[in-house]
Amino acid sequence: MSRTDTTAPAQRSSRGGTADAGERPVGAAHRRGATDVRLAKRRLPRWSSPLVAAGSAALGCGAGAAAGWHNPVQWALLSALLFVAATYVLTAAVEGRRQAGDRVAASLVWVCFLAAVVPLVSLAWTTVRNGSGLISGYFLTHSMGGITNIQPGGGIYHALLGTLEQVGLATALAAPVGLLTGVYLVEYGGGRFAAAVTFFVDVMTGVPSIVAGLFVLSFWNLGLGFGPSGFAGSMALALLMMPVVVRSTEEMLKLVPHELREASLALGVPKWRTIARVVLPTAAGGITTGVMLAVARITGETAPVMLLVFGNPLINPDPFAGAQESLPLYVWNQYKLGNDASVDRAWAGALTLIAFVMLLNLLARAVARWKSPRGTGR
Amino acid sequence: MDTSPNSAPTGVRGKAVRAGDRIFRGLSRGSGLALLLIMAAIAAFLGYRAYLAVSRDSVDFLTSFEWNPQGHPPAFGIGVLAFGTAVSSVIAMLIAVPVSVGIALFITHYAPRRLAGPLAYLIDLLAAVPSVIYGLWGALFLVPYLDGLTRWLDHYLGWTVVFDMSEPGSPARSLFTAGILLAVMILPIITNVSREVFRQVPKSHEEAALALGATRWEVIRTAVLPFGRSGIVSASMLGLGRALGETMAVATVLSPGFAFSWRLLDPGSGTFAQNIAAKFNEADDFGRDALIASGLVLFAITLLVNGAARLIIARRKEYSGAAA
């Protein structure tokens, strides 16, 4: 049944054109007689692509089921291969080789896109399905105090609190430095020093989070002898956040029209006041967006937090003394415990975390849209 | 000073202006300097700790295949880690680069215009998903799912050694799975950068190709890809940098084990970052120094990869600026 589906378009389109042209090279039709001269080459009808797709999907799944494969991914792979092959053969026969190459490229691009969407949809779906069961007011307002590892119950209040404190501290450390560095690069920069800063900011963006954690560990904990604390984690998070803030500040300041600066300077306003009162407010929306995106990025960082904050099932509201918990760390620790109750908690924590990060992202973009420069004379 | 009524106010004002400017300039310059100092401090502190560890190592740190800093004498090396990191990253790149370029082309050249915007936005959001969630998904969803595929590979391609499993049916907590998970994770990064590059291709190039009768694929092959080649390379290297340093996702998926094996489907191996996460809690102070030493190697590698990527981007900027 599926076999006839894939061949159907070829038969129909050859019936629609000159008789039995499907077997001959394209040029042959033109040579046969003046009655048949057409400037446009023959095209496959528009509905042939979905038909081939449906046909190869049916065939792929059918063959997969027949061969006893239990994995739908393998069915999909086979279907995709069949689709590409069928498209090529069909187009080469009707439209010519170059068109066939074009179609194959198009279908490969589509396959790439679908292949990327599948894991991402699955990731979102799995997290929501597994995590939503446990989320409740109780879960969000209680800690793990008094709950043994295999016991259901408990909550993430301590982790939420820890994450908010650590991320807040990290932002307080990183945002001013990042902002001022961005200002320096755009407003004052231009020498070799600025070039070096730009280069190292770029390189710093790529520093793995665990290396940032190891650095703070070797400097703060092993070097100066402090124990694990939320603040140690914040320092590592700040390191990861700084380059992101610098980059976004830089990009945004570059968008501020020169006329604004010149007008302000021409009125005799000193440069630093021009920057503080004219340039920065103009770019404020974009900079806010950049900082929020950076916050979203560090909220999910686990590795440095694991090395430096250590984890704590109880509520510790003081980020400067003693081990704390954080959301990503909570997810990781609960996963590591490996029993049903803890894995459920891990999923619920993951859902909370992902919701928090996505919310920050959406907010950041909303700010960007709301504050986007409208008609700034450029 | 006060004798000339005209110059006095401007002089005072000028001084005040210069002071404010100097402070502000100093602050912003100092921030830039602080960033450089932090980078230097990272290298210095990691280097010092690494030196403490490696100087007491009884075997060659760079080539040895064991990890036993608690032993007498301590013996640890990064052979397994280097191998595992390289293999998982290579698998990730082999999968992610073509697919990402495909997605980027899809967004810029194939997708219906109404779909392209939201799609780009979606991919942006994906880059923000925390790695520990990728890890959770990988361990509890992807690993059972890949069982069938690994059995199939073992059955039909087992003769290649690489795809041979010493115990068919063992869970797919292998470098291979880690590579696939890393591919999913770095996909958004490579896609985003490539997309930006493809978008910058001069319209005139594409129109010229179209005017010569090129099909859409021929336009891409002759105008878009050559223009975007260096962009794709640097995007891939940024992705590689992320894959090399990824910790939690790999640590969740890979079953801990410190064995060197060419059998990529066998569970148990290590990468630099995964090993640090896995061994950190049980390590004593010296063990931590040893882990820091391996972290320093990772730092150096990612520094090289990212630096190279940025240099390529910078060179391309100059080139395209001159051409535009």
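Throughout, a chain's letter reflects where its sequence line sits, starting with A, and its residues are numbered from 1.
Across B:Tyr48, B:Phe24, B:Tyr110, B:Trp137, the residue that shares the most heavy-atom pairs under 4.5 angstrom with chain A is B:Trp137. Across A:Phe200, A:Phe219, A:Phe199, the residue that shares the most heavy-atom pairs under 4.5 angstrom with chain B is A:Phe219. Contact tally against chain B (heavy-atom pairs below 4.5 Å) for A:Val177, A:Val203, A:Val197, A:Thr302: the top residue is A:Thr302. Chain B forms more heavy-atom pairs under 4.5 Å with one residue of A:Val109, A:Asn361, A:Leu214 than with any other, namely A:Val109. Heavy-atom pairs under 4.5 Å with chain B were tallied for A:Ala303, A:Ala296, A:Ala212; the largest tally goes to A:Ala303.
Heavy-atom distances place no part of A:Val216 under 4.5 Å from chain B, backbone and side chain included. Heavy-atom distances place the side chain of A:Ile275, and not its backbone, under 4.5 Å from chain B. Proximity to chain B involves both the backbone and the side chain of A:Ile354, based on heavy atoms less than 4.5 angstrom apart. Contacts between B:Leu33 and chain A at a heavy-atom distance below 4.5 Å involve backbone atoms as well as side-chain atoms. Proximity to chain B is limited to the side chain of A:Met358, based on heavy atoms less than 4.5 angstrom apart. Using a 4.5 Å cut-off between heavy atoms, A:Thr126 touches chain B through its side chain atoms alone. Within the 4.5 angstrom heavy-atom criterion, only side-chain atoms of A:Leu239, from C-beta onward, approach chain B. For chain B, the nearby part of A:Val246 is the side chain; its heavy atoms alone come within less than 4.5 Å. Only the side chain of B:Phe280 comes within contact range of chain A, with at least one heavy atom under 4.5 Å from a heavy atom of that chain. Only the side chain of A:Val357 comes within contact range of chain B, with heavy atoms under 4.5 Å apart. Only the side chain of B:Leu187 comes within contact range of chain A, judged by heavy atoms closer than 4.5 Å. Proximity to chain B is limited to the side chain of A:Arg365, based on heavy atoms less than 4.5 angstrom apart. Of the atoms belonging to A:Val343, it is side-chain heavy atoms, and not backbone ones, that fall under 4.5 Å from chain B. Looking at B:Thr302, the atoms closer than 4.5 Å to chain A (heavy atoms on both sides) all sit in the side chain, from C-beta outward. For A:Thr299, no part lies near chain B; criterion is any non-hydrogen pair under 4.5 Å. In this structure, no portion of B:Ala44 lies under 4.5 Å from any heavy atom of chain A. Within the 4.5 angstrom heavy-atom criterion, no atom of A:Leu185 approaches chain B. For chain A, the nearby part of B:Leu126 is the side chain; its heavy atoms alone come within less than 4.5 Å.
With hydrogens and angles disregarded, a donor-acceptor distance shorter than 3.5 Å links the side chain of B:Glu218 to the backbone of B:Thr215. A:Thr127 places no side-chain N or O within donor-acceptor distance of the main-chain N or O of A:Leu351, the cut-off being under 3.5 Å. At distances below 3.5 Å, not a single donor-acceptor pair connects side-chain atoms of A:Gln99 with backbone N or O atoms of A:Gly96.
Cation-pi check for A:Arg103 over A:Tyr88 is not met; the charged atom does not lie both under 6.0 angstrom from the ring centroid and within 45 degrees of its normal.
In A:Asp340, the CG atom is not crowded: 12 or fewer heavy atoms of neighbouring residues, nucleotides or ligands sit closer than 6.0 Å.
Side-chain atoms of B:Asn306 and A:Asp202 form no donor-acceptor pair, as typed in the model, at a separation below 3.5 Å.
Smallest separation of non-hydrogen atoms from B:Arg49 and B:Ile292: CB-CG2, 3.7 Å.
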